[in-house]
Chemist: 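Pasting a structure here, questions to come.
Owing to the predicted nature of the structure, the values given are computational and were not obtained by experimental measurement.
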Amino acid sequence: MRPSTASLAGVVLLCTATLALAGEPVLANFRFYGFVPVDRDASRVQIAIAKQATTLAVALTACRRNGVRGVLKADAVDVEACMATAYGRFTEHTADLDAVACITPALQNELGTFFKDYAVSFDPILWCDGSEPLPDGFSGGFVPTANVYRTESAVSRKLMDYGRDISSCVQRAMARLVAGRAPELEACLATARADADASMLRGQLSRRIAGLEPDDCLKGANDVAAALDAIANLAPNLSEAVFCETPESPPPN
């Protein structure tokens, strides 16, 4: 979904004071976040879809998390059914939001699948410690001990909080751009990351991470900073899927 012909000359860099025009591509910190909605009506629809997509991502992650807990407790959880229910809510709530030319009902279904695939792809990142691999139905990762599960589960929730904050930043920026105001996206993203970093260091979670073994993954390659980076790197891809290019958008220079 990323425009292959765009050059920096045709992209509004939000690190400058320049305001984007309707339909123009948008970058923040040199990452592409999609196109400015063409008008207020389109903005309302796309922001509504973005909110539902964020809700879907959180729900899908909860399904995976509950599935791991079920494996740990030998209490089977139908992860696929849980994800199908979350996906059904997404399609139900977005069924009437097809007023933007680039988001057809078919594309809305693709968006749901897009989020489902990404939720699955985070299994190896979130469930990275244990001696036995997670069973079929997971895309990787290991069955954690009870102590490690509590830590990894808490990290999972914090990551979703961070993803929700990023999505809110983008929604707010797009609405401001449509209204002809400065997007303040970079500042919002910086605040979201600072809050996420701080939340990982507060209270019981930091003590749990400190109590892990030195070679545990949350102290190594999959540490919380790397996990937060993964969310930050994923967010633009999801954003551009929602704030997509419409026929009214001018072609990038």
Chemist: For residues Ala28 and Leu185, report the shortest heavy-atom separation together with the two atoms involved.
Modeler: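 Answer, listing the atom of Ala28 first, then Leu185: CB-CD2, 3.6 Å.
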Chemist: For a quick test of reading the model, state the closest non-hydrogen atom pair linking Ala86 to Ala59 and the distance between them.
Modeler: CB-CB, 3.8 Å
Chemist: May I ask you to test the Arg69-Arg65 pair for a side-chain heavy-atom distance under 4.5 Å?
Modeler: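 The answer is no, as the side chains (C-beta and beyond) never meet within the 4.5 Å cut-off.
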Chemist: Report yes or no: does Ser239 contribute a side-chain atom to a donor-acceptor pair with the main-chain N or O of Ala235 at less than 3.5 Å?
Modeler: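 It does not hold such a pair.
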Chemist: Which atom names give the shortest non-hydrogen contact between Pro133 and Val143, and what distance separates them?
Modeler: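 Result for this residue pair: O-CG2, 3.7 Å.
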Chemist: Under the rule for side chain to side chain donor-acceptor pair (under 3.5 Å), what residues qualify as partners of Arg150, not counting sequence neighbours?
Modeler: none
Chemist: Using side chain to side chain contact (heavy atoms under 4.5 Å, CB included) as the criterion, list what pairs up with Met200, not counting sequence neighbours.
Modeler: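 Result, side chain to side chain contact (heavy atoms under 4.5 Å, CB included) vs Met200: Val155, Lys158, Leu159, Leu205, Val224, Leu228.
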Chemist: Hey, does the side chain of Arg31 reach the backbone of Ala232 with a donor-acceptor pair shorter than 3.5 angstrom?
Modeler: yes
Chemist: Could you check whether any side-chain N or O of Glu186 sits under 3.5 Å from a backbone N or O of Asn29, counting only pairs where one atom can act as donor and the other as acceptor?
Modeler: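 Flag set: sc Glu186 to bb Asn29 pair under 3.5 Å.
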Chemist: For Ala196, is there any backbone N or O sitting under 3.5 Å from a side-chain donor or acceptor partner on Ser199?
Modeler: yes
Chemist: Tell me the closest heavy-atom pair linking Val178 and Ser43, and the distance in Å.
Modeler: CG2-CB, 3.9 Å
Chemist: Hey, could you give me the CH2/SG distance between Trp127 and Cys217, rounded to the nearest 0.5 Å?
Modeler: 10.5 Å
Chemist: Excluding sequence neighbours, so at least two apart, what forms salt bridge (charged side-chain N to carboxylate O under 4.0 Å, His left out) with Asp39?
Modeler: none
Chemist: Taking salt bridge (charged side-chain N to carboxylate O under 4.0 Å, His left out) as the test, write out the residues that go with Arg157, two or more places apart.
Modeler: none
Chemist: Just by distance, do the side chain of Ser139 and the backbone of Val120 share a donor-acceptor pair under 3.5 Å?
Modeler: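 Present.
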Chemist: My understanding is that only residues two or more places apart in sequence, or in another chain, count here; which of them pass side chain to side chain contact (heavy atoms under 4.5 Å, CB included) with Gln171?
Modeler: Ile47, Ala50, Lys51, Thr54, Ser167
Chemist: Looking only at heavy atoms, which two atoms of Arg164 and Asp161 are closest? And how far apart?
Modeler: NH2-OD1, 2.7 Å
Chemist: Is any side-chain heavy atom of Val45 less than 4.5 Å from a side-chain heavy atom of Ile103?
Modeler: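 The answer is no; the side chains never approach within 4.5 Å.
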Chemist: Report yes if some heavy atom in the side chain of Asp223 is under 4.5 Å from a heavy atom in the side chain of Leu218; otherwise report no.
Modeler: no
Chemist: Please report the C-alpha distance between Met174 and Gln46 in whole Å, then the side-chain angles of each, then the deciding distance to 0.1 Å, and finally whether the side chain to side chain contact (heavy atoms under 4.5 Å, CB included) criterion is met.
Modeler: CA-CA 9 Å; Met174 293 297 186; Gln46 288 173 288; over 6 Å; no
Chemist: To the nearest 0.5 Å, how far apart are CG in Leu60 and NZ in Lys116?
Modeler: 7.5 Å
Chemist: What I'd like to find out is whether the side chain of Phe35 reaches to under 4.5 Å of the side chain of Cys244, using heavy atoms alone.
Modeler: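 Phe35 vs Cys244: side chains apart.
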Chemist: Could you measure the distance from the CG atom of Leu111 to the CG atom of Leu107? Nearest 0.5 Å is fine.
Modeler: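 Here the rounded value is 4.5 Å.
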Chemist: Starting at CD1 of Ile125, measure out to OG of Ser156 and round the result to the nearest 0.5 Å.
Modeler: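 Rounded to the nearest 0.5 Å, the CD1-OG separation comes out at 11.5 Å.
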Chemist: Does Leu21 form a side chain to side chain contact (heavy atoms under 4.5 Å, CB included) with Val36? I'd like the steps, not just the answer.
Modeler: CA-CA 7 Å; Leu21 301 176; Val36 180; over 6 Å; no
Chemist: Please tell me whether Phe142 and Leu126 are part of a single hydrophobic cluster in this structure, the criterion being side-chain heavy atoms less than 4.5 Å apart.
Modeler: no
Chemist: Sequence neighbours excluded, which residues qualify as side chain to side chain contact (heavy atoms under 4.5 Å, CB included) partners of Thr91?
Modeler: Tyr87, Asn109
Chemist: Which residue is it: Val26, Leu238, Val170? I am looking for the one with a side-chain contact (heavy atoms from CB on, under 4.5 Å) to Phe243.
Modeler: Val170
Chemist: On a heavy-atom basis, which atom in Glu152 and which in Pro144 lie closest, and how many Å separate them?
Modeler: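 Shortest heavy-atom separation between Glu152 and Pro144 comes out as OE1-CB, 3.5 Å.
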Chemist: So how far is it from Cys188 SG to Ile166 CD1, rounded to the nearest 0.5 Å?
Modeler: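 Taking SG in Cys188 and CD1 in Ile166, the distance rounds to 9.5 Å.
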Chemist: Keeping to residues at least two apart or across chains, list the ring-ring contact (aromatic ring centres under 6.0 Å, His included) pairs with something in residues 178-199.
Modeler: none
Chemist: So, using side chain to side chain contact (heavy atoms under 4.5 Å, CB included) as the criterion, who are the partners of Gln204 when residues are at least two apart?
Modeler: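 Result, side chain to side chain contact (heavy atoms under 4.5 Å, CB included) vs Gln204: Arg207, Arg208.
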Chemist: Salt bridge (charged side-chain N to carboxylate O under 4.0 Å, His left out) with Asp229: which residues, sequence neighbours excluded?
Modeler: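 Asp229 satisfies salt bridge (charged side-chain N to carboxylate O under 4.0 Å, His left out) with Arg193 only.
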Chemist: Measure from the ring center of Phe114 to the ring center of Tyr118 and say whether it is less than 6.0 Å.
Modeler: yes
Chemist: Determine which pairs satisfy salt bridge (Lys or Arg N to Asp or Glu O under 4.0 Å) with at least one residue from residues 118-130, sequence neighbours left out, and list them in order.
Modeler: Arg64-Asp123
Chemist: According to salt bridge (Lys or Arg N to Asp or Glu O under 4.0 Å), does anything in residues 72-86 pair up with another residue at least two apart or in another chain? List the pairs.
Modeler: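 For residues 72-86, and leaving out neighbouring residues, there are no salt bridge (Lys or Arg N to Asp or Glu O under 4.0 Å) pairs at all.
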Chemist: With sequence neighbours excluded, what pairs up with Asp165 under the salt bridge (charged side-chain N to carboxylate O under 4.0 Å, His left out) test?
Modeler: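 Expected list: none.
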Chemist: How long is the span from the CD1 atom in Ile231 to the CE atom in Met160, to the nearest 0.5 Å?
Modeler: 4.0 Å
